[in-house]
Amino acid sequence: HMEIVNGELFNVGGGVPCSTSLAELTTLCQQITGHHITIEQVKENRQADIPIYLTDNQKVTKLTGWQPQFTPTAILQDIHAWMVKEQHSLKSILN
């Protein structure tokens with residue numbers, strides 16, 4: 001597929017099937033880590049807040065057949081496992 005994609009720009013991400021809200025991500029993180037935090041709701045939007053973002057993968061899927069393969073839960077579990085494994089290297093930025 002290299003000749004097809006060479007020089008092209010693509011949006012690549014989870015799209016609608018992997019979409020999650022910040023509240024859903026927080027719940028997943030709490031389930032995976034076992035740590036719970038209190039979150040205060042802020043009713044006002046900031047000027048730079050993005051209400052929704054979904055990646056449109058149609059172009060890359062049409063040209064190459066690529067599609068997202070990982071769920072948000074699997075992605076967060078992988079990140080958490082990496083953070084636990086590398087906690088000694090991350091200590092200075094996680095405290």
Measure the CZ-SG distance between F70 and C18 for me, rounded to the nearest 0.5 Å. 10.0 Å

Just how far is it from atom CD of Q31 to atom CG of L76, taken to the nearest 0.5 Å? 10.5 Å

Looking at T61 and W66, would you say the former's side chain and the latter's main chain have a donor-acceptor pair under 3.5 Å? yes

Taking all non-hydrogen atoms of both residues into account, name the closest pair between P68 and G14 and its distance. CG-O, 3.7 Å

Roughly how far, to the nearest 0.5 Å, is the NZ atom of K91 from the CD1 atom of I93? 13.0 Å

Give me the atom names and distance for the closest heavy-atom approach of T55 to G13. CG2-N, 3.4 Å

Supply the members, apart from I37, of the Ile/Leu/Val/Met/Phe/Trp/Tyr cluster built from side-chain contacts under 4.5 Å; use none for a lone residue. I39

Salt bridge (charged side-chain N to carboxylate O under 4.0 Å, His left out) contacts in which one or both residues fall within residues 58-86, not counting sequence neighbours: E8-K59

Compile the donor-acceptor pairs under 3.5 Å between side chains in residues 40-51 and protein atoms, sequence neighbours left out, one pair per line.
from, atom 1, to, atom 2, distance (Å)
R46, NE, D49, OD1, 3.1
R46, NH2, D49, OD1, 3.1
D49, OD2, R46, N, 2.8

Between side-chain atoms of residues 22-29 and protein atoms elsewhere (two or more places apart, or another chain), which donor-acceptor pairs fall under 3.5 Å?
from, atom 1, to, atom 2, distance (Å)
E24, OE1, S21, N, 2.7
E24, OE1, S21, OG, 3.4
T26, OG1, L22, O, 2.9
T27, OG1, A23, O, 3.1

Run the side chain to side chain contact (heavy atoms under 4.5 Å, CB included) test against H80 and tell me which residues pass, sequence neighbours left out. I32, T33, V84

Could you list the cluster mates of V16? Members are the ILVMFWY residues connected by side-chain heavy atoms closer than 4.5 Å, either directly or through other members. I52, L54

N57 versus V12, closest heavy-atom pair with distance: OD1-CA, 3.5 Å

